[in-house]
Amino acid sequence: MNRLRHRLLLVFLAATLAPLAATLWITADLLDRSLSLATTNEVDELSRSLQATGRALFTANRDALALQADKAVPKVFHQPASAWPDEVREFYQSGEAERFQLAGEAQNRMDYLVRRGSDVHLYSRAIGGPGMKLLADEYAKSRRLVEQARSRNLRRGYFWTLGIAAAAIWAVCLLAVFLVTTHITKPLEQLTAGLAELAAGNLDARLTPRGHDEISSAMAAFNHTAEQLRAGQERLVHVTRLTSWQTLARKMAHEVKNSLTPIRLTVEEILARRGERDDRFLEQASQIVVDEVVTLEKRVRAFSQFASEPPVQLETVDINALVDERICFLKTAHPEVCYKLQLDSKAPAIADQDLIKGVLTNLLENAADAAGPGGSVLGRTFTENGHVAIEVHDSGPGLSPQVRRTLFEPTISFKKAGMGLGLSIARKSAVLSGGDIEPIEGELGGAAFRVTLPRAGDA
């Protein structure tokens, strides 16, 4: 069954790897094209343009302010330097002769500082627009974006992310397919193993269906088939044994009958001449011989009945009426036994009426003997799975496991005056009618038997 699982996995691989590879290739190509259209280069060029613009603006204002210094009136800072602004004091302390620098919060003003002895002259010029600070901030921001984009390999990162995500999704799907195939193939493996055991002769092999799918139905059908084969085997074994015992019974009946005729003739002759000899002796001897003959005749009748093969006439039989009639017939013979009836409203069966009468008589007689005075016997009929069932329960001592195994063996009897053929003949009659007899758990504390026959509507 692993081959089926491997085939399902190969089908999944063939059905998914090709589309997955095509999807990765198309996605990677589109991603590469998208990244090629990124604005990193444009941002770099823009930042350089901002830098050049800032420098040009600074240079132009510086030159203009230098020309203006010859005509403009500066702002003069006299000693002491401690009262000067910080930028003026810092310039004075640096020792420089002159300096151009941007000033103002937005750097929208350019100052020109010139040392004149111990004084400092300050010339200022306003820069038009938002100011150099905003220009410098935009330049710095664009340079950071360019450096970040260049420090990271976006293509490789995107490709690795795409590959890992696709592989993870595919692996999860593969695991799901593996679990599903295992769920499907495991019951099939059990069914195959059960069929192998059944083919090897193990008719006790059974499976445990789970769920309500087709495989569970196949398992239930397997169990039903195995049960039918087991029942058929038991019936075949029983019929085979009966055939052997029938041959023995015919032979015994023939031999016993051959001995009965001279015995009876001799006894009659002795009785006819009893006046010529010791009458008391002859009478006692004759009585003994007659008793033995009677016993032999009983045995012969029992074996003859067991060995006979009466023609089977199957017909529709009212099982309820038959059970009621047998119980009414036996009540007079066992007035000390309490009989109970539980009859199904519809229980017609296909059987040989005479054979089933014999079966019921045997079972009910055995139940009455087992129950004893004050005991109870229950007769029940019902329909189940296309069969009509007849159950006979008694309140006797019940059957031990050892007794159950030899119940239907010929010449095995558990009654003092029994011949051991009653249950064998009863089961034979049930089998000939298309049914069977089996011992079951009794409801009255004693033994119980169930006779199954084909139902009339389903036969």
Side-chain angles (χ1 to χ4, degrees), residues 234-235 238 241-242 245 249 298-299 301-308 317 319-320 322-343 349 351-382 388-433 435-453:
E234 292 179 355
R235 294 176 184 177
H238 180 67
R241 290 178 178 176
L242 288 178
W245 280 99
K298 290 182 180 179
R299 294 181 181 275
R301 283 196 299 270
F303 277 103
S304 297
Q305 181 184 4
F306 177 66
S308 63
V317 178
I319 297 298
N320 290 339
L322 207 58
V323 173
D324 184 60
E325 183 263 337
R326 290 289 97 182
I327 290 180
C328 291
F329 171 74
L330 294 173
K331 276 183 179 180
T332 57
H334 302 280
E336 71 282 359
V337 177
C338 177
Y339 287 91
K340 301 177 182 178
L341 284 175
Q342 294 179 3
L343 303 180
D352 186 301
Q353 183 167 324
D354 293 334
L355 292 179
I356 300 304
K357 281 183 179 181
V359 172
L360 293 177
T361 300
N362 181 273
L363 294 180
L364 291 170
E365 280 280 4
N366 290 345
D369 291 339
S376 300
V377 174
L378 170 63
R380 172 190 295 163
T381 62
F382 59 91
V388 175
I390 308 169
E391 291 184 358
V392 177
H393 300 253
D394 64 65
S395 60
L399 302 173
S400 65
Q402 293 79 7
V403 171
R404 284 175 177 267
R405 287 196 293 268
T406 57
L407 272 176
F408 302 105
E409 294 289 341
T411 72
I412 302 296
S413 177
F414 303 97
K415 296 191 297 184
K416 293 182 179 180
M419 295 290 296
L421 298 175
L423 285 177
S424 295
I425 295 173
R427 190 177 190 190
K428 173 187 173 184
S429 299
V431 171
L432 290 175
S433 294
D436 202 356
I437 299 178
E438 61 178 342
I440 60 175
E441 294 297 326
E443 294 185 5
L444 302 181
F449 291 87
R450 177 183 295 164
V451 182
T452 56
L453 298 170

Just verifying a value: how many Å separate [X] [atom1] and [Y] [atom2], rounded to the nearest 0.5 Å?
{"X": "Leu341", "Y": "Leu378", "atom1": "CG", "atom2": "CG", "value": "8.0 Å"}
{"X": "Glu391", "Y": "Glu438", "atom1": "CD", "atom2": "CD", "value": "9.0 Å"}
{"X": "His334", "Y": "Asp369", "atom1": "NE2", "atom2": "CG", "value": "5.5 Å"}
{"X": "Leu343", "Y": "Leu322", "atom1": "CG", "atom2": "CG", "value": "11.0 Å"}

How far apart are the closest heavy atoms of [X] and [Y], and which atoms are they?
{"X": "Leu444", "Y": "His393", "result": "CD1-O, 3.8 Å"}
{"X": "Ala426", "Y": "Asn362", "result": "CB-OD1, 4.3 Å"}
{"X": "Leu453", "Y": "Ala349", "result": "CB-CB, 4.1 Å"}
{"X": "Lys357", "Y": "Glu325", "result": "CE-OE1, 4.4 Å"}
{"X": "Ala430", "Y": "Ile437", "result": "CB-CG1, 3.8 Å"}
{"X": "Asp352", "Y": "Ser433", "result": "N-OG, 3.4 Å"}

What residues, two or more places apart in sequence or in another chain, satisfy salt bridge (charged side-chain N to carboxylate O under 4.0 Å, His left out) together with Glu336?
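Checked Glu336 against salt bridge (charged side-chain N to carboxylate O under 4.0 Å, His left out); zero matches.
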Contacts of type salt bridge (charged side-chain N to carboxylate O under 4.0 Å, His left out), residue Glu443, not counting sequence neighbours
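Per chain and number, Glu443 pairs via salt bridge (charged side-chain N to carboxylate O under 4.0 Å, His left out) with Arg380.
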Main chain of Ala371, side chain of Asp394: is a donor-acceptor contact present, judged purely on distance under 3.5 Å?
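Side chain of Asp394 to backbone of Ala371: no pair is present.
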Given 3.5 Å as the limit, does a donor-acceptor pair link the side chain of Ser429 with the main chain of Val359, or not?
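Side chain of Ser429 to backbone of Val359: no pair is present.
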Report yes if the side chains of [X] and [Y] come closer than 4.5 Å at any heavy-atom pair, otherwise no.
{"X": "Lys428", "Y": "Leu355", "result": "no"}
{"X": "Phe449", "Y": "Leu399", "result": "yes"}
{"X": "Leu363", "Y": "Ile390", "result": "no"}

Please identify which of these residues, Asp324, Val388, Leu360, meets the side-chain contact (heavy atoms from CB on, under 4.5 Å) condition with Ile319.
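The passing option is Val388.
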